[in-house]
Amino acid sequence: MNAEKFSEAMNEIDDRYVEEAIHYRASASGSLSHYGGKRLRRYGAAAAAVVLLMVSSFSVGALAFAREITVEVPEKQEKVVLEEIGLTLLLPDSWEGKYEVVEGVFEPYDSTMWEFCVKSIYDARTPMDESGTDFYRGTLFTIFQCEDHSISAEEFEQSGIAGIGRYLFATQNATYAILYATDVQFDLENTAHMEEWNGMAQSEEEIQVIIANVFTNES
């Protein structure tokens, strides 16, 4: 979903849409069990102190602890660094060469958003209909600024996107979240694309999130 459609979707979310999205993710990935749970893992010594949130499909919850945890990231670890917001995603090794990160602008706040797509689907540019205006993007999830102020995880759970998104963290002037794909992201007649999208969606539970400098970030 491009930036314009993403903004439109955010404005149109209601309870029915959330329920349909949850049903879609359950059907496409086979299970929603990997969306729940909160876990924290401590690693060995490293050069810089950061907050490491080991999550089950990004189910981070609030940064309810004001402490730093020292972690070590393997040199060859597959990762994406979003320097603008001090966020690093440690991805499954199986994702190497298979994903595309597409930057866009979330217009309500004129802020950068990052759409993680299955590369083979995104590169294929398969039209979604006869008009050829839109194409299947293979979107797995999007990281974006959902508020222009700080809210807690508990407050996020009362929002309209809680059922199809996850709270990440908040700074003094912004709150960040993940929104999962809420519609079909591949040509249903393309078995290879379907299997690859499903496999990557199911392995999202392996992703680890590192938030650096979150307590001083003024974004």
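What you see is a predicted model; the values in this text were computed from it and never measured.
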Just verifying a value: how many Å separate [X] [atom1] and [Y] [atom2], rounded to the nearest 0.5 Å?
X: R137; Y: C117; atom1: CZ; atom2: SG; value: 5.5 Å
X: R166; Y: I143; atom1: CZ; atom2: CD1; value: 14.0 Å
X: L82; Y: M113; atom1: CG; atom2: CE; value: 13.0 Å

Partner residues of [X] under the side chain to side chain contact (heavy atoms under 4.5 Å, CB included) criterion, sequence neighbours left out:
X: T191; result: E195
X: T112; result: E84, E103, W114
X: T126; result: A124, Y136, D187

Exercise. Would you say the side-chain atoms of T175 pair up with the backbone N or O of I151, donor to acceptor, closer than 3.5 Å?
Worked result: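 Indeed, once roles are kept as given, a pair shorter than 3.5 Å links the two residues.
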Exercise. Any sub-3.5 Å donor-acceptor pair from Q145's side-chain atoms to E147's backbone N or O?
Worked result: yes
Please find the pair of heavy atoms, one from [X] and one from [Y], that lie closest to each other, and give the distance.
X: P127; Y: G132; answer: CB-CA, 4.1 Å
X: H193; Y: S120; answer: NE2-O, 3.7 Å
X: A181; Y: W197; answer: CB-CZ2, 4.4 Å
X: F156; Y: A162; answer: O-CB, 3.6 Å
X: L87; Y: L168; answer: CD2-CD1, 3.9 Å

Problem set entry | Derivation of the ring-ring contact (aromatic ring centres under 6.0 Å, His included) call for F144 and F106 | CA-CA 7 Å; F144 73 111; F106 187 45; 5.3 Å; yes
For this session: Begin with the C-alpha distance, continue with both residues' side-chain angles, and end with the deciding distance and a verdict on side chain to side chain contact (heavy atoms under 4.5 Å, CB included) for Y176 and I85.
Result: CA-CA 9 Å; Y176 296 91; I85 59 174; 3.5 Å; yes
Exercise. So which residues get pulled into F135's cluster when ILVMFWY side chains under 4.5 Å apart are joined, directly or through others?
Worked result: V102, Y122
For this session: Take T139 and Q185 through the side-chain hydrogen bond (donor to acceptor under 3.5 Å, both in side chains) test and state the conclusion after the steps.
Result: CA-CA 6 Å; T139 304; Q185 294 297 321; 3.2 Å; yes
Seminar exercise, completed: Across all chains, not counting sequence neighbours, the side-chain hydrogen bond (donor to acceptor under 3.5 Å, both in side chains) partners of D129 are S131
For this session: Please assess T142 against I178 for the test side chain to side chain contact (heavy atoms under 4.5 Å, CB included), listing each intermediate value before the final yes or no.
Result: CA-CA 6 Å; T142 300; I178 294 169; over 6 Å; no
Exercise. Passes side chain to side chain contact (heavy atoms under 4.5 Å, CB included), F169 versus V209? Steps please.
Worked result: CA-CA 11 Å; F169 68 94; V209 179; over 6 Å; no
For this session: Flag yes if L140 and V184 sit in one hydrophobic cluster, no otherwise; membership is Ile, Leu, Val, Met, Phe, Trp, Tyr, and two members link when side-chain heavy atoms are under 4.5 Å apart.
Result: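 As far as the 4.5 Å side-chain criterion goes, V184 and L140 are connected within one cluster.
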Table please: side-chain donor-acceptor pairs of residues 89-101 below 3.5 Å, with sequence neighbours left out.
residue : atom : partner : partner atom : Å
W95     : NE1  : S203    : OG           : 2.8
Y99     : OH   : E78     : OE2          : 2.7
E100    : OE1  : K119    : NZ           : 3.1

For this session: Run the numbers on E204 and Y180 for side chain to side chain contact (heavy atoms under 4.5 Å, CB included), then give the verdict.
Result: CA-CA 11 Å; E204 286 174 2; Y180 300 112; 3.8 Å; yes
